[in-house]
Amino acid sequence: MLDKRYYEGYEGEGEVKVWSEENGNQDGIVIWIGFFDTILEGCFSQEFQKNGIIECYFNQDGFYDNRWEMKYPNIVLKELKSFNEKLLYKIDEEIIKESKEVIEQLIFFINIAIKNERIIYVEYN
């Protein structure tokens, strides 16, 4: 089942889906692009690791082009845990608060997927 609470109220705007599949069923989270961009901006480092989600963000490829397979979820976990709101260009307390909630949900989801040996995908629409 896809958790869409972080996209509700933003329908029609960009969305990012992070999910895995099992027996044809999708399990994951759908996120408003505003939250997702805030997260990636707050995790950005000039020394980003190859094959992580920050590399996709920096190069504007991977999940921006089509479905991206998260081959190294441990790199992405490390990147998400590095979120620092002081890196943000624009500060909106409510968006930062919800973005931190999204990070917690993503970390939880990714850890469960790793434990269950599921492939994780990310896609921007």
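Position 1 is the first residue of the sequence, and the numbers go up from there. Hydrogens, waters and symmetry mates play no part in the numbers below; they use all other heavy atoms, side chains included.
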**OP:** Drop me the distance from Phe35's CZ to Ile103's CD1, to the nearest 0.5 angstrom.
**Re:** 11.5 Å
Original post:
Are Thr38 and Val102 close enough, and set up right, to give a side-chain contact (heavy atoms from CB on, under 4.5 Å), and what steps lead you there?
Top reply: CA-CA 10 Å; Thr38 299; Val102 173; over 6 Å; no
Original post:
When rounded to the nearest 0.5 angstrom, what is the spacing between CG in Leu88 and OG in Ser99?
Top reply: 8.0 Å
Original post:
Which atom names give the shortest non-hydrogen contact between Cys56 and Gly62, and what distance separates them?
Top reply: SG-CA, 3.9 Å
Subject >> side-chain contact (heavy atoms from CB on, under 4.5 Å) evaluation trace for Lys50 with Glu55 >> reply: CA-CA 6 Å; Lys50 187 165 177 51; Glu55 179 183 33; 3.9 Å; yes
**OP:** Sort and list the pairs that fulfil salt bridge (Lys or Arg N to Asp or Glu O under 4.0 Å) and have at least one residue in residues 98-116, not counting sequence neighbours.
**Re:** Glu85-Lys100
**OP:** First locate atom CD of Glu69, then atom OH of Tyr121, and finally report the distance between them rounded to the nearest 0.5 Å.
**Re:** 5.0 Å
**OP:** Would you mind listing the cluster partners of Phe108? Hydrophobic ones only (ILVMFWY), side-chain contacts under 4.5 Å, chaining allowed.
**Re:** Ile112
Counting only pairs under 3.5 Å, give me each side-chain donor-acceptor contact of residues 9-16, with atom names and distances, residues two or more places apart or in other chains.
unit_1 : atom_1 : unit_2 : atom_2 : d
Glu11  : OE1    : Gly9   : N      : 2.8
Glu11  : OE2    : Gly9   : N      : 3.4
Glu13  : OE1    : Trp32  : NE1    : 2.8

Original post:
For Asp27 and Glu21, what are the C-alpha separation, side-chain angles and deciding distance, and is it a side-chain contact (heavy atoms from CB on, under 4.5 Å)?
Top reply: CA-CA 6 Å; Asp27 182 37; Glu21 289 183 342; over 6 Å; no
Original post:
Which heavy atom of Gln60 sits nearest a heavy atom of Asp65, and at what distance?
Top reply: O-OD1, 4.2 Å
Original post:
Is there a side-chain contact between Leu106 and Leu77 (heavy atoms, below 4.5 Å)?
Top reply: no
Subject >> Inter- and intrachain pairs under ring-ring contact (aromatic ring centres under 6.0 Å, His included), touching residues 50-93, at least two apart >> reply: Phe36-Phe63, Phe44-Phe58, Phe48-Phe58, Tyr64-Tyr124
Subject >> Straight-line distance of Glu117 CD to Ser20 OG, nearest 0.5 Å >> reply: 12.5 Å
Original post:
What are the two closest non-hydrogen atoms of Pro73 and Ile110, and how far apart are they?
Top reply: CB-CG2, 3.8 Å
Original post:
Roughly how far apart are Asp37 CG and Ile33 CD1, rounded to 0.5 Å?
Top reply: 4.0 Å
Subject >> Shortest non-hydrogen contact from Gln26 toward Lys17 >> reply: OE1-NZ, 3.2 Å
Original post:
Of all residues at least two apart in sequence or in a different chain, which pass the side-chain hydrogen bond (donor to acceptor under 3.5 Å, both in side chains) check with Arg5?
Top reply: Asp3, Gln105
**OP:** Let me see the working for Val18 and Phe109 under side-chain contact (heavy atoms from CB on, under 4.5 Å), right down to the final yes or no.
**Re:** CA-CA 9 Å; Val18 181; Phe109 171 75; 4.0 Å; yes
Original post:
Is a side-chain N or O of Asn23 found less than 3.5 angstrom from the main chain of Asn25, in a donor-acceptor match?
Top reply: no
Original post:
Going from CD1 on Ile75 to CD1 on Ile54, what distance comes out if it is rounded to the nearest 0.5 angstrom?
Top reply: 11.5 Å
**OP:** Work out which heavy atom in Ile29 is nearest to a heavy atom in Leu2; give both atom names and the distance.
**Re:** N-CD2, 4.2 Å
**OP:** Just jot down the salt bridge (charged side-chain N to carboxylate O under 4.0 Å, His left out) partners of Glu22, sequence neighbours excluded, or say none.
**Re:** Arg118
Original post:
Are Ile107 and Trp19 co-members of a hydrophobic cluster defined by side-chain heavy atoms under 4.5 Å apart?
Top reply: yes
